[in-house]
Structures are given as C-alpha cells and as structure tokens.
Engineer: 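Below is one structure. I have some questions about it.
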Amino acid sequence: MALPDGGAAFPETADHSDGLSKRDYFAAAALTGLLANKYYGQNTSDDLAARSYRLADAMLMERDRD
C-alpha cells in the first residue's frame, strides 16, 4: 500500500512546480542523520535510501495520528 506523500513541503516555487513532497523532505533529513553516523559506511546506498524513506513514512504516520 502506497502511503500519501504528505503534500508539498515547499508549495510555492519560482517555476510554479509542485516542489518537494514532505515525504521526500523528511527522507532527506533522515538521510542526513544516517550519513552523520560513523557506521554509515557499513550500509549500501540502497540500504540507506530505503531506511531514509522508512523513517520518513514513520514521521508522516506519527504526524497524522489523532
């Protein structure tokens, strides 16, 4: 099941595009944290990307909890 992307993180862009989704923004923030970990070199790029999006999805679910 695909999760919603949370909508636009930066909805107003200079070229009037949709901008970056909140899911992508959260994943980028998560990836930054993962890369700051001294053990990140033990993971492949695919592993880090997948983990970043799992964290982003968890943040979106937590954000939308009642």
Engineer: If I take atom CG from residue Leu60 and atom CZ from residue Arg23, how far apart are they, to the nearest 0.5 angstrom?
Structural biologist: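 Those atoms lie 8.0 Å apart.
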Engineer: Can I get a per-line list of side-chain donor-acceptor pairs under 3.5 Å for residues 26-36, giving both atom names and the distance, sequence neighbours left out?
Structural biologist:
residue	atom	partner	partner atom	Å
Thr32	OG1	Ala28	O	2.9

Engineer: Applying side-chain hydrogen bond (donor to acceptor under 3.5 Å, both in side chains), can you list everything that pairs with Tyr53, at least two apart in sequence or on another chain?
Structural biologist: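 So Tyr53 forms a side-chain hydrogen bond (donor to acceptor under 3.5 Å, both in side chains) with Asp24.
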Engineer: Check side-chain hydrogen bond (donor to acceptor under 3.5 Å, both in side chains) between Glu62 and all other residues, then give those that pass, not counting sequence neighbours.
Structural biologist: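 With neighbours one apart ignored, the set is Arg65.
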Engineer: The criterion is side chain to side chain contact (heavy atoms under 4.5 Å, CB included); which residues satisfy it with Asn43, sequence neighbours excluded?
Structural biologist: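 With neighbours one apart ignored, the set is Asp47, Leu48, Arg51.
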